[in-house]
Amino acid sequence: MKVICIHQPNFIPWLGYFNKIYSCDVFVILDNVDYQSGNSNSITNRTKIKTAQGELFISVPVRKSESKLIKDIPIDNNQPWQKKMLKTIQLNYTKAKFFSEIFPLIENVLNTKHEFLSALNIELIKLFCEKLNITTPIVLASEMRLSSDEKNDRIIEICKNLEATIYQSGSGARKYNDEELFAANNIRLRYTSFSPAEYPQLHGEFVKGLSVLDVLMNCGWDKTSELIKS
């Protein structure tokens, strides 16, 4: 049996994203679907950290593009966003136990100019996977020459392309998945949910669902890896 997971390339995502990568045989980054501009639930260009005042989104500014596909969304590098973001991270995590180990890696990637949002996100995701000893192969959907536009058909086409027998989906997608269509194509649906254990945090009571950055700053690579793989 071969299990695949599919997800858009989010910006410094939460632990559950990396658990998803870890728990499958091949992880597909869905970079050839429309970028959800202005959607309050979209986390393609932003992630949530913790401050003394509570949760805070840090965002990568983007410019308008003729193409709406995530892979084609350009970063607005006319804004000094890197400097602002790094200052915000430093201000809120300088007292974290592993700040001196984690911050230079983030600083190095953010200070390297990227033209496109997807390229930045994918570089960070791969860097975290490497440091967390997650060895799952990562494939870009944009490099697979897919022809299907409808969501279920696209997933099935990806599964067949990769010779996968199981599509592992988050439980929240149950209402969107056409289970009869998957069964007709000999692909089994497997639903999972992820709820990591609490870990030490700065700034008061525990807040769940924050960026992996928060976990790394407080726990380091080894403990973060344990939380993901548990």
Side-chain angles (χ1 to χ4, degrees), residues 1-14 16-37 39 42-47 60-77 105-106 108-110 112-170 173 176-178 181-182 185-190 192 212 228:
M1 295 188 294
K2 188 175 185 180
V3 182
I4 71 161
C5 291
I6 304 172
H7 210 293
Q8 296 180 13
N10 293 344
F11 177 63
I12 317 183
W14 79 301
Y17 192 100
F18 294 95
N19 173 265
K20 199 170 187 178
I21 300 175
Y22 170 71
S23 62
C24 63
D25 296 310
V26 180
F27 184 76
V28 179
I29 291 183
L30 196 64
D31 61 339
N32 57 351
V33 294
D34 285 354
Y35 173 71
Q36 300 299 313
S37 177
N39 185 334
S42 176
I43 46 177
T44 312
N45 75 318
R46 61 180 186 162
T47 194
V60 179
V62 298
R63 294 187 287 108
K64 290 185 178 180
S65 169
E66 291 185 6
S67 170
K68 295 182 179 179
L69 301 182
I70 292 174
K71 70 181 183 68
D72 298 323
I73 299 301
I75 296 174
D76 186 357
N77 285 311
L105 292 171
I106 303 298
N108 182 58
V109 176
L110 294 188
T112 301
K113 187 175 180 179
H114 293 79
E115 184 177 357
F116 295 103
L117 175 65
S118 181
L120 169 63
N121 292 357
I122 291 168
E123 181 176 340
L124 285 164
I125 289 166
K126 288 183 175 180
L127 171 64
F128 293 139
C129 284
E130 177 187 349
K131 295 292 185 180
L132 292 164
N133 294 315
I134 297 173
T135 59
T136 305
I138 294 176
V139 177
L140 302 185
S142 60
E143 296 178 352
M144 296 179 67
R145 298 182 180 180
L146 303 172
S147 59
S148 302
D149 291 325
E150 196 276 328
K151 183 176 181 179
N152 285 277
D153 290 335
R154 184 191 299 118
I155 293 171
I156 290 169
E157 185 178 1
I158 291 173
C159 289
K160 289 184 174 181
N161 189 299
L162 296 173
E163 300 180 340
T165 53
I166 298 174
Y167 170 57
Q168 183 168 295
S169 173
Y176 303 111
N177 293 332
D178 186 337
L181 184 61
F182 278 88
N185 284 274
N186 299 312
I187 298 167
R188 184 156 63 91
L189 278 165
R190 184 164 78 188
T192 62
V212 69
I228 289 168

Chemist: Backbone N or O of Ile43 within a donor-acceptor pair of the Thr47 side chain at under 3.5 Å?
Modeler: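 No, the answer is negative, given that no donor and acceptor are paired below the 3.5 Å cut-off.
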
Chemist: Within the structure provided, determine whether Ile73 and Asn45 are in side-chain contact (heavy-atom separation under 4.5 Å).
Modeler: no

Chemist: Are side-chain heavy atoms of Leu110 and Leu120 found at a separation under 4.5 Å?
Modeler: yes

Chemist: As an exercise, state the distance from CG of Asn32 to CG of Leu140, rounded to the nearest 0.5 Å.
Modeler: 9.0 Å

Chemist: What's the separation between atom CD1 in Ile122 and atom CZ in Phe11, rounded to the nearest 0.5 Å?
Modeler: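 Rounded to the nearest 0.5 Å, the CD1-CZ separation comes out at 13.5 Å.
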
Chemist: Does some side-chain heavy atom of Thr165 sit less than 4.5 Å from a side-chain heavy atom of Asn186?
Modeler: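 Answer no - side chains too far apart.
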
Chemist: Mind listing the closest non-hydrogen atom pair of Cys129 and Ile138 along with its distance?
Modeler: SG-CD1, 4.3 Å

Chemist: Measuring from Gln8:CD to Asp34:CG, what's the distance to the nearest 0.5 Å?
Modeler: 9.5 Å

Chemist: With a 6.0 Å cut-off (strictly less than), is the heavy-atom count around NZ of Lys68, excluding the residue itself, greater than 12?
Modeler: no

Chemist: Using side-chain heavy atoms (C-beta onward) and a distance below 4.5 Å, is Leu162 in contact with Met144?
Modeler: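 They are in contact (side-chain heavy atoms under 4.5 Å apart), so the answer is yes.
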
Chemist: Give the minimum heavy-atom separation between Pro74 and Lys64, together with the two atoms involved.
Modeler: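 Minimum heavy-atom contact is CG-O, 4.1 Å.
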
Chemist: Which heavy-atom pair separates Phe18 from Ile134 by the least distance, and what is that distance?
Modeler: O-CD1, 3.9 Å

Chemist: If you apply the rule side chain to side chain donor-acceptor pair (under 3.5 Å), what do you find for Ser67 with Asp72, and how did you get there?
Modeler: CA-CA 6 Å; Ser67 170; Asp72 298 323; 2.7 Å; yes

Chemist: Might you point out which heavy atoms bring Gln168 and Ser23 nearest each other, and give the distance in Å?
Modeler: NE2-OG, 2.7 Å

Chemist: Output yes when a side-chain donor or acceptor of Asp25 lies under 3.5 Å from a complementary backbone atom of Val3, and no otherwise.
Modeler: yes

Chemist: Could you tell me if Lys160 and Asn185 have a donor-acceptor pair between their side chains, going purely by distance under 3.5 Å?
Modeler: yes

Chemist: Within the distance-only criterion (no hydrogens, no angle test), does the side chain of Ser118 pair as donor or acceptor with the backbone N or O of Ile70 below 3.5 angstrom?
Modeler: no

Chemist: Parallel, tilted or perpendicular: which fits the ring planes of Phe27 and Tyr17, with parallel below 30° and perpendicular above 60°?
Modeler: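 If you compare the ring of Phe27 with that of Tyr17, the planes turn out perpendicular.
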
Chemist: Can you measure from SG (Cys159) to CZ (Phe182) and round to the nearest 0.5 angstrom?
Modeler: 6.0 Å

Chemist: Can you find a heavy atom in the side chain of Ile75 that is under 4.5 Å from one in the side chain of Lys113?
Modeler: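 Ile75 vs Lys113: side chains apart.
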
Chemist: CG/Asn19 to CG/Leu132 distance, rounded to the nearest 0.5 angstrom?
Modeler: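 Reported value, rounded in 0.5 Å steps: 11.5 Å.
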
Chemist: Given side chains that start at C-beta, do those of Val139 and Ile29 come closer than 4.5 Å, heavy atoms only?
Modeler: no

Chemist: Using side-chain contact (heavy atoms from CB on, under 4.5 Å), reason through Arg154 and Val33 one step at a time and then give a plain yes or no.
Modeler: CA-CA 10 Å; Arg154 184 191 299 118; Val33 294; 3.7 Å; yes

Chemist: Give me the one residue out of Asn152, Ile156, Asp153 that meets side chain to side chain contact (heavy atoms under 4.5 Å, CB included) with Asp178.
Modeler: Asn152

Chemist: Supply the atom-to-atom distance Glu163 CD to Ile4 CD1, rounded to the nearest 0.5 angstrom.
Modeler: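 The distance works out to 11.5 Å.
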
Chemist: Would Ile106 and Phe128 satisfy side-chain contact (heavy atoms from CB on, under 4.5 Å), going step by step from the backbone distance to the final call?
Modeler: CA-CA 10 Å; Ile106 303 298; Phe128 293 139; 3.6 Å; yes

Chemist: Would you say Leu105 and Lys131 make side-chain contact, with heavy atoms under 4.5 Å?
Modeler: yes

Chemist: Return yes if some donor-acceptor pair links the side-chain N/O of Ser148 with the main-chain N/O of Glu157 below 3.5 Å, else return no.
Modeler: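 Judged by distance alone, no pair lies under 3.5 Å.
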
Chemist: What closest approach, in Å, do Val62 and Tyr35 show between heavy atoms, and which atom pair accounts for it?
Modeler: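 Looking at all heavy atoms of both residues, the closest pair is CG2-OH, 3.8 Å.
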
Chemist: Search all heavy atoms of Ala141 against all heavy atoms of Asp31 and return the closest pair with its distance.
Modeler: N-OD1, 3.5 Å

Chemist: Step by step, would you call Gln36 with Thr44 a side chain to side chain donor-acceptor pair (under 3.5 Å)?
Modeler: CA-CA 8 Å; Gln36 300 299 313; Thr44 312; over 6 Å; no

Chemist: May I ask you to check whether over 12 heavy atoms, not counting those of Phe116, lie within 6.0 Å of atom CZ?
Modeler: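 Yes - once you tally the heavy atoms of other residues, nucleotides and ligands closer than 6.0 Å, there are more than 12.
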
Chemist: Quick one: are Tyr167 and Ile158 in side-chain contact, heavy atoms under 4.5 Å?
Modeler: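 With C-beta onward as the side chain, the pair stays apart.
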
